[in-house]
Number of protein chains: 2
Amino acid sequence: MKLFEPLNVGGMRIANRVMVPAMVTRLSGEDGLVNQDIVDRYVRYAQGGAGLIVIEAMAVHHAKSGPLLRISEDRFVPGLTDLVRRIHDTSDSKVVPQIIHFMKVAKSGWRQTVDLLSLSEIDRIVEEFGDAVARARAARFDGAELHSAHAYTLASFLSRANPRKDEYGGNTLEGRLRLIERIFENIRRKVGVDFPVGVRFLADEFIKDGYTVSDAKLIGLRLAQLGAAYLSLSVGGKFEDAVHLPGQVPYPYTGYSGDRCMPGDWYPPMPHAQFSAEIKAFIKSYGYDTPVATAGKISDPDDAERLIATGAVDIIGIARGLLADPDWPQKVRQGERERIVKCDYCNVCKHLDGTHTRVICALWPQGSLQAPPDDRSVAAPRWEATGANLTVAIADGKAMLKWNKAAGAARYDVCRTDPLGNVQVVDAVKVTRWEDHSLLAGMSYRYQVRVYGAAGQGGASSNTVPVMLPLPAFAGRIQPAHVDDTNR
Amino acid sequence: MKLFEPLNVGGMRIANRVMVPAMVTRLSGEDGLVNQDIVDRYVRYAQGGAGLIVIEAMAVHHAKSGPLLRISEDRFVPGLTDLVRRIHDTSDSKVVPQIIHFMKVAKSGWRQTVDLLSLSEIDRIVEEFGDAVARARAARFDGAELHSAHAYTLASFLSRANPRKDEYGGNTLEGRLRLIERIFENIRRKVGVDFPVGVRFLADEFIKDGYTVSDAKLIGLRLAQLGAAYLSLSVGGKFEDAVHLPGQVPYPYTGYSGDRCMPGDWYPPMPHAQFSAEIKAFIKSYGYDTPVATAGKISDPDDAERLIATGAVDIIGIARGLLADPDWPQKVRQGERERIVKCDYCNVCKHLDGTHTRVICALWPQGSLQAPPDDRSVAAPRWEATGANLTVAIADGKAMLKWNKAAGAARYDVCRTDPLGNVQVVDAVKVTRWEDHSLLAGMSYRYQVRVYGAAGQGGASSNTVPVMLPLPAFAGRIQPAHVDDTNR
């Protein structure tokens, strides 16, 4: 698979095209130091074989915040150095820190906006980013990533909503680009030209009057010109449409742009990959080969392979899918994709982040702070003597499924086959019942439940139950065409 | 061109694939009757040769509203009959009314939601739609279109945010579909099965927790099963994210979903066509050939042709583009596309609608209530003896263009050629100056201004001015690759 071919990323050679994008873990303390939980989390990704691991955002400055890693002073370097060494000792995964500057947000809902920053404050931000990248180099990271996405300072400058009237805005694209341009200049002066520095930015802000891929193509081109090692695309995640709950600090993933940033189960697969492909094609037309990473609800290995093989993008970012199963790369490479613990996009992880709780995956065994080891010695779960005994009741426009518990089960995947023969894992649950609210009457579906152990070892599948909601007839209705699924 | 091939739409034969989607005109009075301005507006589209004209939404009920057409009583039929006759006398354009039910909205921001409707109120809505379609048939319309998009009653039932707990919601897709199913049954009972009834609905709600194309595919399939003559896709335009200005009735196109519904100049071309294509492919996989119409910032005839020729969709809806120039179909068919008055997506029309003002196009001659006639006897505009004398000044990250007035000019198109040789009409203006805020430094652009008369007759182009913003150099910056545009 092309997915597992190496790539030169601004001088850093990654062994394959699978990337862990920066994900908040809430595992660090208020002290900003690397701790054992943090180390364990990222070593686990290294064990799984991702080509590039981006460590969660760490602040380049001292501003007050909840639990958050820091790279704002030299005293944070030893812990980071240890984290890097532990990862490098584990596998050939490359590792970079995402470095972030953010502004003040209050429980009242007030937030500092970029027009409130003085020129000397901007100068300080420039220096802070340069210093942080120098510390990343000192800590032996393989590179660094500037966080210029979502609701944070660099993204707010790039935003089409940047309200500054001076040379750092002024309602021009060049003004919006000036800060990141100065930061690149400062970084190069402080760490030299051979340290790979990528940028994460938004392909679409997904807010009213926000920028779209039209501007993102130009921003990407400028970043390529600035010598960015890679461009990593995200979308949305803005304060502008965040829902403010009284007495709580606004969380920039609560509005529509937050929905887009971490698309839930009601979104189609990879709804944003096309934007990354457009940006890639655009910079390529100008002669730039800067690698482009995409992300957002990519879970099917065939989808990922197609994106790489067609040259649409260069790197596949998988956040929630790798949280659910850090061994996704290994399992795909070894042809064991049926053993993958498949993310069902329930967004419990997003909710935990939003409530400042340690982020885990709901599919992990109860009480686990990390993904379980891929222990092949553990037996697959087994149904009791009575079997799975899956039953489906139909009422009120929905299908209600029930089945028996299996011994050693960590989760059950609910599979639905549509009338065309397409099999879809419609949900993954720990309980032994599930309701389908998105059935269409007049269509023949088949349900089956599959049982898995904690490390993805699959047991026997349940019995299959066919279901059809009746579709009332009346004159003028066009009967469903006969669909031949006998060969599927 | 395939764009000009006829199509059978549920028994109605349209001569070509260009559709005028329903557009609010604010030309009618509070009385709900067709008046001369309304007739003039739609006859103008017929003159231009669109295959299908959808008359702006007319209410199936009596609820209070601003100026709005009505089809809620038999007394509205004579005026509608006259409108249809005038259109049919003009060309072979087919014409259908968009029929709408909406709920109450108050200046306080309060609005009636679907969970507040009693079962008997729902029964009445069902009858009102059936009666309205019967009146449409009596008025000799070629068919009718149910407005099940944006912020209105039918769309609110289909919505993923439908809060009803009973059989008209209940958090199931079947529940959300029940009302439109009953309406189709009622229509068929009242008007028979041979009267084409299309449906406009949303491919994506573009609101937090709203439905995406995943549900839209299933909704489209159900509508095809119900015997819809065509599916016309729009997006967004919801109350949920509308900006409420104190003392004003909320307008459902003021939020992000409103941005998407009528994408402005910062959006790429046809940002939603892909959704329509996905829905088309999906219903086709189930054996349904129901024609699918797409819309949203489609202006390039080549784009439109490609969508039709590849079978991605069947009908091209052009709203703002046909408002700007109703002769778009004629001009494209006759190979005169350089004479098209090209919509620049300034959204003055949207603003007029939002302020309950008669909707015109900013590119029409001052004071016109309708698009000017395509009068070929009028001479093309001419620059004075001093010529266009286009000059471009560069400062503060932007390019400031100025040029001379031309005699007989209705508008000037500002054309920018990028370093790859792509020519883009970046704006259309009536004044003789323009600023470019989306220049990227380090790139060589060329500007030219083209002058046009009211009916699109083009005068001589201005001189061409090359421009480049300097890009400061520093170590590590990757110089722009050489781009060969000599052959373009």
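Throughout, a chain's letter reflects where its sequence line sits, starting with A, and its residues are numbered from 1.
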- Task: Tell me, for B:L469 versus chain A, whether the close heavy atoms (under 4.5 Å) come from the side chain, the backbone, both or neither.
- Result: side chain
- Rounded to the nearest 0.5 angstrom, the CG-NE2 distance for B:L202 and B:H272 is 10.5 Å
- Taken to the nearest 0.5 Å, the spacing of A:F195 CZ from A:K190 NZ works out to 14.5 Å
- Task: Could you pull out all residues at least two apart from B:R164 that satisfy side-chain hydrogen bond (donor to acceptor under 3.5 Å, both in side chains)?
- Result: B:D166
- Bottom line for B:L439: the part with an atom under 4.5 Å from chain A's heavy atoms is backbone
- Task: Using side-chain hydrogen bond (donor to acceptor under 3.5 Å, both in side chains) as the criterion, list what pairs up with B:N171, not counting sequence neighbours.
- Result: A:H437
- Item | Which portion of B:E167 sits near chain A, non-hydrogen atoms under 4.5 angstrom | neither
- Item | Partners passing ring pair (Phe, Tyr, Trp, His ring centres under 6.0 Å) against B:F282 (at least two apart in sequence or in another chain) | B:Y286
- Query: What option among B:D194, B:D436, B:D209 has the most heavy-atom pairs under 4.5 Å with chain A?
  - Reply: B:D209
- Proximity breakdown for B:Y256 and chain A, heavy-atom pairs closer than 4.5 Å: both
- Message: Quick check: do B:L221 and B:Y288 have side-chain heavy atoms less than 4.5 Å from each other?
- Response: yes
- Query: Measuring heavy-atom distances to chain A, does B:R176 have an atom under 4.5 Å in its side chain, in its backbone, in both, or in neither?
  - Reply: neither
- Note on the structure: Interface check, chain B: of A:P268, A:G264, A:P263, most non-hydrogen pairs under 4.5 Å belong to A:P268
- Item | Best-contacting candidate, B:V193, B:T172, B:L173, against chain A by heavy atom pairs under 4.5 angstrom | B:T172
- Query: Taking 4.0 angstrom as the limit, do A:R178 and A:E174 come out as a salt bridge?
  - Reply: no
- Counting distance only, does the side-chain N/O of A:W266 pair as donor-acceptor with the main-chain N or O of B:G210 below 3.5 Å? yes
- Output the option from A:P271, A:S257, A:G227 having the highest count of non-hydrogen pairs under 4.5 Å with chain B. A:G227
- Message: Measuring only between side-chain heavy atoms, which start at C-beta, is B:S285 closer than 4.5 Å to B:K217?
- Response: no
- Query: Relative to chain B, which of A:I207, A:I219, A:L440 shows the most heavy atom pairs under 4.5 Å?
  - Reply: A:L440
- Query: Is it the backbone or the side chain of B:A228 that comes under 4.5 Å from a heavy atom of chain A, or both, or neither?
  - Reply: neither
- Residue B:E181 versus chain A: region with a heavy atom under 4.5 Å: both
- Message: Sub-4.5 Å heavy-atom contacts with chain B: which residues of residues 235-244 of chain A show up?
- Response: A:V243
- Task: State the CD1-CE distance between B:I394 and B:M400, to the nearest 0.5 angstrom.
- Result: 7.0 Å
- Enter the distance from A:R222:CZ to A:L231:CG here, rounded to the nearest 0.5 Å. 13.0 Å
- Message: Report which part of B:R160 has an atom under 4.5 Å of a heavy atom belonging to chain A: side chain, backbone, both, or neither.
- Response: side chain
- Query: What part of B:I187 lies closer than 4.5 angstrom to a heavy atom of chain A: side chain, backbone, both or neither?
  - Reply: neither
- Query: Do you know which of B:T290, B:T254, B:D204 has the most heavy-atom pairs under 4.5 Å to chain A?
  - Reply: B:T254
- Once you round to the nearest 0.5 Å, how far does CG of A:L226 lie from CZ of A:R188? 9.5 Å
- Query: Looking at side-chain heavy atoms only, is the closest gap between A:L177 and A:L158 below 4.5 Å?
  - Reply: yes
- With distance as the sole test, does A:K350 use its side chain to make a donor-acceptor pair with the main-chain N or O of A:M262 at under 3.5 Å? no
- Heavy atoms only, distances under 4.5 angstrom: which of A:A441, A:G476, A:G175 has the most pairs with chain B? Name it, please. A:A441
